[in-house]
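What follows is a set of notes on a single structure, which appears directly below.
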Amino acid sequence: MEPDGSLPYFTRGTVVRGFGRGSKDLGIPTANYPEEVVERLPLDIKCGVYYGWAKVDNGPVHKMVMSIGWNPQYQNTKKSMETHILHDFPEDFYGADLQVCITGFIRDEMKFKSLDELISAIKSDINIAQEKLSLDNKEKEELSNHFN
Ligand SMILES: Cc1cc2nc3c(=O)[nH]c(=O)nc-3n(C[C@H](O)[C@H](O)[C@H](O)COP(=O)(O)O)c2cc1C
């Protein structure tokens, strides 16, 4: 099935602590969802890297990239949904309400030869997301209305 079958896909949940590698190892902080949010994903949203929109609590809508899957780099045993929001937050927001709208697919998850290559791939994902999401400001307005 096409990876875009269920898109746009809205979901929301409380931000929980991940494995703690996000900012330390990679310099790319990610907000993790609890298991029940991951389990709600429709079957046709396959593992991979996606882009879309995100809103933390009552804040503004920002662009985001999201990794869905098993993090082959780290051989996780649990499937995760990790959102990197394209905005500098002054501090962590564990416990906050995170609403997201996934609008497009970027690539499959991969295992890279080194952490540096993973970081380069994520930076390229961020550039792709910036570009795709900048094309359509109308989309942002329309989708923003779906956020509470
Ligand atoms: C945009 C994006 C793309 C990612 N791509 C991959 C990938 O291809 N392979 C992989 O193993 N992990 C990938 N990750 C997951 C990172 O390995 C993960 O965010 C990091 O291990 C931090 O995890 P933690 O927040 O649970 O500590 C990606 C994460 C993001 C935000």
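For the numbers below, each heavy atom of this structure counts, side chains included, while hydrogens, waters and symmetry mates do not. Each ligand, and each atom within it, is numbered from 1 in the order the structure gives. Please read all numbers here as calculations on a predicted model, not as lab measurements.
Of the candidates Ser67, Ala121, Pro29, it is Ser67 that places a heavy atom closest to atom 14 (N) of ligand 1.
Heavy-atom contacts of Asn32 reach the following atoms of ligand 1: 25 (O), 26 (O) (cutoff under 4.0 Å). With ligand atoms numbered from 1 in the order given, ligand 1 contributes 1 (C) to contacts under 4.0 Å with heavy atoms of Val65. Taking a cut-off of under 4.0 Å to the non-hydrogen atoms of Asp125, the atoms of ligand 1 that pass are 1 (C), 3 (C). Shown in contact with Glu82 at under 4.0 Å from a heavy atom are these atoms of ligand 1, numbered in order with element: 18 (C), 19 (O), 20 (C), 22 (C), 23 (O), 24 (P), 25 (O), 26 (O). Remark: ligand 1 atoms within the under-4.0 Å shell around heavy atoms of Glu109 are 8 (O). Residue Phe112 approaches ligand 1 through these ligand atoms, each under 4.0 Å from one of its heavy atoms: 8 (O). Every atom of ligand 1 with a heavy atom of Thr30 under 4.0 Å away is listed here by number and element: 19 (O), 25 (O), 31 (C).
Residue Ile122 places a heavy atom under 4.0 Å from ligand 1. Trp70 does not count as a contact of ligand 1, since none of its heavy atoms falls under 4.0 Å from the ligand.
Between Lys111 and ligand 1, not a single N/O pair is under 3.5 Å apart.
Side chain of Lys132 to main chain of Gly52: no donor-acceptor pair is present (N/O by atom type, distance under 3.5 Å, no hydrogens or angles).
Looking only at side-chain heavy atoms (C-beta outward), Ile102 and Trp53 stay at 4.5 Å or farther from each other. When side chains are defined from C-beta on, Lys63 counts as touching Ser134, because their heavy atoms get closer than 4.5 Å. You'll find the side chain of Val100 reaches within 4.5 Å of the side chain of Met66, heavy atoms only.
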In sequence, state the C-alpha distance, the side-chain angles, and the governing distance for Asn148 and Arg12, and then conclude on side chain to side chain contact (heavy atoms under 4.5 Å, CB included). CA-CA 10 Å; Asn148 293 309; Arg12 88 190 288 180; 2.9 Å; yes

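For His146, the ring-ring contact (aromatic ring centres under 6.0 Å, His included) criterion is met by Phe10, not counting sequence neighbours.
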Which side-chain N or O atoms in residues 116-123 pair as donor and acceptor under 3.5 Å with protein atoms at least two apart or in another chain?
from: Ser120; atom 1: OG; to: Asp116; atom 2: O; distance (Å): 3.1

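With a heavy-atom cut-off of 4.0 Å, Leu118 touches ligand 1 through its side chain alone. Counting heavy atoms closer than 4.0 Å to ligand 1, residue Arg107 contributes side-chain atoms (C-beta onward) but none from N, CA, C or O.
For Tyr51 and His84, the ring centers sit 6.0 Å or farther from each other.
A salt bridge does not link Asp92 with Arg17: none of the charged nitrogens is closer than 4.0 Å to a carboxylate oxygen.
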